[in-house]
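Structure first, then comments.
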Amino acid sequence: MATVRPPVELSLRGIVLGCLITVLFTAANIYLCLQSGLTFASSIPAAVISMAVLKVFRDSGILENNIVQTVASSAGTLSCMVFVLPGFVMIGYWHDFPFWPSFWICAAGGILGVVYSVPLRRSLVTGSDLPYPEGVAAAEVLRAGEGTRGNENADAGDAAEARLGLKAVITGSISSAVMALLVGTRLLASEIAGYARFGSAATGMTVNMQLALFGAGHLVGLTGGLAMLVGLGLAWGVAVPVMTMTHPAAGPAVDLAMDLWRHKVRFVFASALAVTSVWTLLRLARPVFQGILSAVAAQARRKAGEVLPLVEQDMPMSWLGGIVLVLLVPVALLLHGFLAGGPLAPLEVPLMIAGIAFVAITGFLVAAVCGYMAGLIGSSNSPLSSLAILGVIGSAGLLSIVVEPHLGPEARPSLVALSLLVAGLVLGVATIANDNLQDLKTGQLVGATPWRQQVALVVGVIAGAVVIPPIMSMLGHAYGFAGVPGAGPKALAAPQAVLITTLAGQFIGGTVEWSLLGAGALIGVGLIVLDAVLERRGGMRLPPLAIAFAGYIPPGTISIVIIGALAGHFYEHLADRNAASPRQADVIRRLGVILASGLIVGESLVNVVLAGLVAAAKGGLLNVPDTDWPLAVVGAGFAPWSEGLAIIVIFGTVLRLYRWAARLGAGTRA
């Protein structure tokens with residue numbers, strides 16, 4: 001009798017392909033993040049690329065493709081380290097991005113994020129009803145691709161549904177890619193904005209014309225969408241108008257409103273985000289502790305000779321402890337490099353001990369918050385920069401209280417640099433914990449082995465950490481960063497890095513606006529009470545984190561996510577009402593999820609190409625009139641027309657796609 005070979009999962013070719021995708025997507029994400037403060041999720045595009053490339057190998061399958069997307073998923077999250085790294089240049093501590101310090105800040109924090117999220121899997125993934133929108137979407141994409149390969153274990157209905165799913169992915173991808181290209185030509189506006197004054201008050205709204213964010217909103221769902229709508233209303237319907245009245249200034253309404261939001265309102269909601277994050281941690285304490293006990297018990301059963309199912313095999317707990325201890329060595333060396341020979345040298349030993357403890361303890365707490373947020377609203381929408389803010393507030397606040405009074409003003413630049421280092425390490429933990437739990441959800445749905453995914457993500461972290469320093473150095477030399485002496489007119493804005501560095505300087509220098517942080521803390525408490533009241537009454541919940549998050553994120557980004565969430569709910573409501581049977585309704589709803597995933601895929605891949613073209617144009621490799629818009633076929637004067645066309649074409653396309661997906665699902669057997 002012939003032996004059945006197990007399916008290929010963790011393979012050399014999969015690791016190599018994943019690393020190549022990681023390098024490409026990390027480079028694109030860094031540039032986009034420094035320009036606009038946004039990144040795009042890379043899991044789903046990586047899964048599509050993997051299925052296309054590995055299809056030539058007869059023994060490849062869904063588990064190997066899942067490993068590729070797991071490796072490459074680090075590109076969308078580890079590139080968020082640019083929230084902190086430019087800060088060292090902005091304060092003059094670095095004049096470039098030295099490879100080894102930059103590498104170890106990214107790698108040590110990222111691998112700690114993998115390790116810390118392992119014991120959280122049982123409490124936040126397998127033992128939780130969190131939706132994990134991108135994890136579920138990635139699993140649907142992988143299943144769609146697998147079903148078309150003639151899997152002998154699938155019945156005819158499953159195979160037919162898989163073919164429909166792949167058709168939905170491809171259609172959604174092509175549609176969003178075409179829309180992104182039309183935006184790149186400037187025929188369609190990239191955003192629709194409207195701002196106005198009401199006496200001395202000013203407010204308004206922006207909607208980004210991005211189908212990828214619309215698709216992310218569909219995946220977020222109604223609960224998250226409504227919570228974000230509340231947050232958006234609090235920020236732009238209350239906070240911005242009130243603060244513009246109390247801080248009157250001349251100029252266009254858009255400039256006044258956005259300036260107040262950036263420098264006042266955003267700090268308020270960052271504080272609210274901190275309070276609601278702490279509350280979320282307290283609520284998670286019990287399930288997280290139970291998950292850790294479950295992981296320890298599973299290891300004990302394994303040592304006793306019990307063979308655990310593949311889907312329950314994590315990295316052994318003993319490995320995790322050893323990895324943490326090993327990683328604390330480069331953390332200690334980084335701290336030593338920042339402390340030795342400077343004004344902080346007399347306190348090197350206690351500061352090293354305190355820094356290591358802060359990273360080790362705060363990192364685990366942040367991993368839990370990130371896992372919850374990834375499950376609730378998705379990795380792309382998780383407020384990672386706010387967690388970097390929490391890290392810098394915690395570290396800079398402690399340094400300003402305990403250390404700065406004993407050293408004097410001359411030590412402030414070194415204290416700011418030290419707080420950025422600690423915040424950077426905590427951010428590394430946050431980014432990868434945020435990503436790992438999403439990947440583990442995908443793995444759970446497709447039957448993957450957790451420890452193999454965890455190893456794959458470690459590889460992805462290392463690949464990304466190798467790429468980040470030279471790319472940052474290249475961009476810094478070519479364009480410079482906003483606020484850095486010598487930066488030219490094309491300087492990269494790096495909005496999160498500016499905000500985080502400013503906060504660190506304010507805490508160390510004693511100039512922080514406590515009134516803003518206090519107001520945000522009160523808002524956070526109010527949101528917690530509101531959610532508790534709704535929970536007691538048995539009505540729809542409004543997660544406090546999601547509300548605070550919506551006030552913190554740029555309005556154009558969050559508004560299109562909310563529109564997508566509401567549209568997705570309406571689509572699913574019509575599916576339930578019009579379908580011939582519950583099974584058919586399920587198919588229609590799943591096709592909607594897969595279609596939304598395709599919207600993310602197409603635009604993300606086009607964004608990679610567009611980012612490369614912009615970089616080439618600004619580097620002088622392309623001779624185009626407008627280096628910011630290398631594909632532009634019309635000028636800025638076409639803007640009034642492009643806005644109207646964007647509304648008609650993009651939302652008209654969404655409506656047609658939803659109707660097409662519903663008809664596609666209605667044609668399946670009842």
Side-chain angles (χ1 to χ4, degrees), residues 5-29 41-79 103 106-115 117-118 121 135 138-139 141-142 145-146 149 310-311 313-316 319-320 323 326-327 379 428 431-433 435-444 446-468 470-471 604-605 608:
R5 296 180 62 185
V8 176
E9 189 167 3
L10 187 63
S11 66
L12 178 60
R13 70 192 180 203
I15 291 291
V16 171
L17 178 58
C19 287
L20 291 175
I21 298 173
T22 298
V23 170
L24 175 65
F25 281 12
T26 299
N29 260 311
S42 50
S43 293
I44 297 174
V48 173
I49 293 172
S50 177
M51 288 187 291
V53 173
L54 296 183
K55 192 173 183 179
V56 299
F57 298 98
R58 296 186 62 184
D59 60 342
S60 71
I62 191 170
L63 297 183
E64 189 176 19
N65 288 318
N66 179 56
I67 287 294
V68 174
Q69 73 84 18
T70 299
V71 174
S73 65
S74 62
T77 50
L78 196 62
S79 55
F103 169 84
C106 299
I111 297 174
L112 277 174
V114 176
V115 172
S117 57
V118 170
R121 182 183 68 85
V141 171
L142 289 168
E146 182 73 2
R149 294 172 62 91
L310 288 178
V311 294
Q313 294 180 10
D314 288 298
M315 283 184 179
W319 286 24
L320 302 182
I323 293 172
V326 169
L327 287 174
S379 299
T431 59
I432 299 303
D435 178 65
N436 192 22
L437 290 168
Q438 199 80 244
D439 288 332
L440 290 174
K441 182 64 179 181
T442 301
Q444 178 202 10
V446 302
T449 310
W451 75 261
R452 290 188 171 97
Q453 283 189 275
Q454 291 148 11
V455 169
L457 196 58
V458 169
V459 174
V461 167
I462 294 172
V466 168
V467 173
I468 288 174
I471 292 177
S604 297
L605 294 178
V608 173

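What's counted below: heavy atoms across the whole structure, side chains too, no hydrogens, waters or symmetry copies. Just so you know, residue 1 is the first one in the sequence shown, and it goes up from there.
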Original post:
side-chain contact (heavy atoms from CB on, under 4.5 Å) between Val459 and Cys19: does it pass, once the steps are laid out?
Top reply: CA-CA 8 Å; Val459 174; Cys19 287; 3.6 Å; yes

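The only option from Ile462, Val455, Val461 that meets the side-chain contact (heavy atoms from CB on, under 4.5 Å) definition with Val458 turns out to be Ile462.
Residues Lys441 and Gln438 have side chains that never bring a donor and an acceptor to within less than 3.5 angstrom of each other.
To the nearest 0.5 Å, atoms CD (Gln454) and CG (Leu10) are separated by 11.5 Å. To the nearest 0.5 Å, the span separating CD1 on Ile67 from OG on Ser11 amounts to 8.0 Å. Here Leu142 contributes atom CG and Met51 contributes atom CE; the two are 5.5 Å apart, rounded to the nearest 0.5 Å. Taken to the nearest 0.5 Å, the CD atom of Gln453 stands 6.0 Å off from the CG atom of Asp439.
For Ser117, the side-chain contact (heavy atoms from CB on, under 4.5 Å) partners are Ala433, Asn436, Leu437, not counting sequence neighbours. When the side-chain hydrogen bond (donor to acceptor under 3.5 Å, both in side chains) test is applied to Gln69, the partners found at least two apart in sequence or on another chain are Ser43, Asn66. Considering only residues two or more places apart in sequence or on other chains, Val16 meets the side-chain contact (heavy atoms from CB on, under 4.5 Å) condition with Leu12, Leu20. Contacts of Thr442 classified as side-chain hydrogen bond (donor to acceptor under 3.5 Å, both in side chains), with partners at least two apart in sequence or in another chain: none. Every side-chain contact (heavy atoms from CB on, under 4.5 Å) that Leu327 has, sequence neighbours left out, goes to Ile111, Leu112, Ile323.
For the pair Ser50 (side chain) and Ala47 (backbone), a donor-acceptor distance under 3.5 Å is absent. Under a 3.5 Å cut-off, the side chain of Thr449 and the backbone N or O of Arg452 do not form any donor-acceptor pair. Panel note: side chain Ser60, backbone Asn65; no donor-acceptor pair is recorded below 3.5 Å.
Considering all non-hydrogen atoms of both residues, Leu54 and Leu17 come closest at CG-CD2, 4.0 Å. Nearest heavy-atom pair across Ser73 and Leu457 is OG-CD1, 3.7 Å. Closest approach of Val71 and Gly18 over heavy atoms only: CG1-C, 3.5 Å. For the residue pair Ala72 and Ile21, the shortest heavy atom distance occurs at CB-CG2, 3.7 Å.
Every pair passing salt bridge (Lys or Arg N to Asp or Glu O under 4.0 Å) that includes a residue from residues 11-23 is listed here, sequence neighbours excluded: Arg13-Asp59, Arg13-Glu64.
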